2 protein chains.
Amino acid sequence: MVKITDVARHAGVSPSTVSYVLSGKRSISARTRERVLASISELGYRPHAGARALASSRSNVLALMIPLRSGIHVPVVMRIATAVVTAARRHDHDVLLLTQEEGVDGLRRVADSALVDALIVMDVQMRDPRLPLLRELDLPSVLIGFPAEPAGLTCIDLDFRAAGEACAARLAALGHRSVALVGSPPEVYARQTGYAQRVAEGFTAAVRAHGMTGEPHPCESSPEAARALVDRLLAGQPDLTGVVVHNEPIVEPLVRAFRAAGRRVPEDLAVVAICPEEQAEHADPPLSSVAIPAEELGRRSVELLMSKLGGEPVPPATLLPPRLTVRASDR
Amino acid sequence: MVKITDVARHAGVSPSTVSYVLSGKRSISARTRERVLASISELGYRPHAGARALASSRSNVLALMIPLRSGIHVPVVMRIATAVVTAARRHDHDVLLLTQEEGVDGLRRVADSALVDALIVMDVQMRDPRLPLLRELDLPSVLIGFPAEPAGLTCIDLDFRAAGEACAARLAALGHRSVALVGSPPEVYARQTGYAQRVAEGFTAAVRAHGMTGEPHPCESSPEAARALVDRLLAGQPDLTGVVVHNEPIVEPLVRAFRAAGRRVPEDLAVVAICPEEQAEHADPPLSSVAIPAEELGRRSVELLMSKLGGEPVPPATLLPPRLTVRASDR
DNA sequence: CTGAAAGCGCTAACAG
DNA sequence: CTGTTAGCGCTTTCAG
């Protein structure tokens, strides 16, 4: 293994000079920098991560804790994760993967052992058991999602309330009067995951504000559940002409179920979804939708952490505004 | 931060004794072990990962490189990843997440900097550019997937050839004579990803061996592509009565397309899928299928690495035998 | 602008 | 069965 003293000897400088060339923490004459860099690449030098972490008390690793549970949409989690990795690499950091299963102890473990410099936590619940730890830890952290009491934390998410509002407002603007929200599975509401509730709130507020009628309906993520809900919906609300869907796996089964029940989309029924852009584009018909900005969430989480690690202040709350793209599923 | 000397002082022993209590690398009297453990938990001691890595030249971290590309099925990747993390934790290791995007350089980087002790690489191509590095590195590695030339490497995967065979053999046993394989998207074959080819080979061999007729048909992962393929298939092979599908996202669109073309499943057409168990169970009708053993692949990859790290010999190739579960989609 | 040297916290000989 | 001690490879004062 080639080490910093090897590089120093080869370049005819001291180890500290090599270190400073790499870190840029003090000015180095152009000539010695050149020589050092040449030696580094000639010898194929790569600093030992552990040694560096020990000496500098910075591991250059971020922890990302991902959810495993039912009711979450896997592709979105995956996109966020890869966006986090990509963004972290741009800032010369790596990403350690933790699962929700590890819980509070897992976070404490990687923090206390100095394995990581900062934490990103996904799938935040209203009263998340991890919050006390995140507040007391002196490692910076970012939550993707908003708990009930975000004071003292840094949170980022799509503004789901505004998204729910925007979808309902869109239906109102098209002249619909009787609408419905097909929401996340009941267990997602039950465990008080914020985004599901917030969509429902935004939807309900906009329905009221625009003088429409209609309510949120939690729905399991299975085609059968979608079909059953369609039956119930049309029985209880026969004049229904507009639907907002916020439940990725059943977006298409739902459209088919309506079709099977004699409601064509968009001729008889307007559908607006909250789902990943790609899914909306590839649906039949392509869905008017509010996109879930997975890449942006991942990237900006990392950027927030980098600012915090750099000692810069960051906004405690970042709500990404919903962007509604009109496609072919509503009119 | 509480360190090993603090624990040692508190327990009235030397730092090395604390270290040995933790590592178990030499025998400690029950009494001092008790005392040390008590001090550890009382003080909340957690060894500094960097210091430990530096002193022991073991980071206790595994790298997992996941694919990002089109044509791979995200839920399976995610399941493998979480299985790897879970298994790694059982062996007191953590997992560093790398993306395919980082390529060979990424692997070299984490290896050379001693960030990780071992590597797991997914989505292996027939002639994968990462193979030379993996062969020359002195870090243990495991490939999930088989390249054309696996000599000198440790590989594990579902036996996709046997899976293709088993599906075709099942159709043969049911008396079908004219069959087809609906395979992965063309780009997956084009980049010589082994599993797609192997399914096709196994399928073709079994078709021939059982005196049936039928061929593999690559197919894009979109419902339109599935519909188009169904049209072509029925036009060119009107006596078709059995289909093997190996393309997760279009399994259900394909069944619907056949139905729309007047072929009910399973009455007019037998369908056998190669897909995750969960997907097969929830399809309509539930699909007879060969499961993709994501959890087992992740877990056993880790176990192989642990054996290698422990200096034990491991089999160079592990092919998990296909298990066909009969459900309602064939008869 | 550069060097010398003191640790960072832990492990693993070596010594008893 | 336990203690002493010499590093592991790097960063960062302190000195010049």
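Here is how names work: the chains are called A, B, and so on, in the same order as the sequence lines, proteins then strands, and each is numbered from 1. It should be emphasised that the depicted structure is a prediction, and the values quoted were computed from it without experimental measurement.
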Original post:
Any donor-acceptor pair under 3.5 Å linking the side chain of B:Asn60 with the backbone of B:Asp92?
Top reply: yes

Subject >> Option among B:Leu64, B:Ile66, B:Val110 that satisfies the side-chain contact (heavy atoms from CB on, under 4.5 Å) test with B:Leu98 >> reply: B:Val110

Original post:
So, B:Asp117 side chain and B:Ser59 main chain: donor-acceptor pair closer than 3.5 Å or not?
Top reply: yes

Original post:
Is A:Arg127 atom CZ crowded by more than 12 heavy atoms from other residues, nucleotides or ligands, each under 6.0 Å away?
Top reply: no

Original post:
Under 4.5 Å between any side-chain heavy atoms of A:Met126 and A:Glu149, yes or no?
Top reply: no

**OP:** Side-chain contact test, heavy atoms from C-beta onward, threshold under 4.5 Å: evaluate it for A:Arg58 versus A:Arg52 and give yes or no.
**Re:** no

**OP:** Would you check if there is a donor-acceptor pair between the side chains of A:Ser16 and A:Ser19 at a distance under 3.5 Å?
**Re:** no

Original post:
Side chains of B:Pro47 and B:Ile4: does their closest heavy-atom pair fall under 4.5 Å?
Top reply: no

Original post:
Taking DNA chain D as the partner, which of residues 14-36 of chain A come within under 4.0 angstrom of it by heavy atom?
Top reply: A:Ser16, A:Ser19, A:Tyr20, A:Lys25, A:Arg26

Original post:
Within a radius of less than 6.0 Å around CD of A:Glu278, do more than 12 heavy atoms belonging to other residues, nucleotides or ligands occur?
Top reply: no

Subject >> Terminal contacting nucleotides, 5' and 3', DNA chain C versus chain B (heavy atom, 4.0 Å) >> reply: C:dG9 to C:dC14

Original post:
How far apart are the closest heavy atoms of A:Ala11 and A:Arg35, and which atoms are they?
Top reply: O-NE, 2.9 Å

Please list, pair by pair, any protein nitrogen or oxygen found under 3.5 Å from a nitrogen or oxygen in nucleotides 7-9 of chain D.
unit_1	atom_1	unit_2	atom_2	d
D:dC8	O2	B:Ala55	N	3.3
D:dG9	OP2	A:Lys3	NZ	2.7
D:dG9	N2	A:Ala51	O	3.4

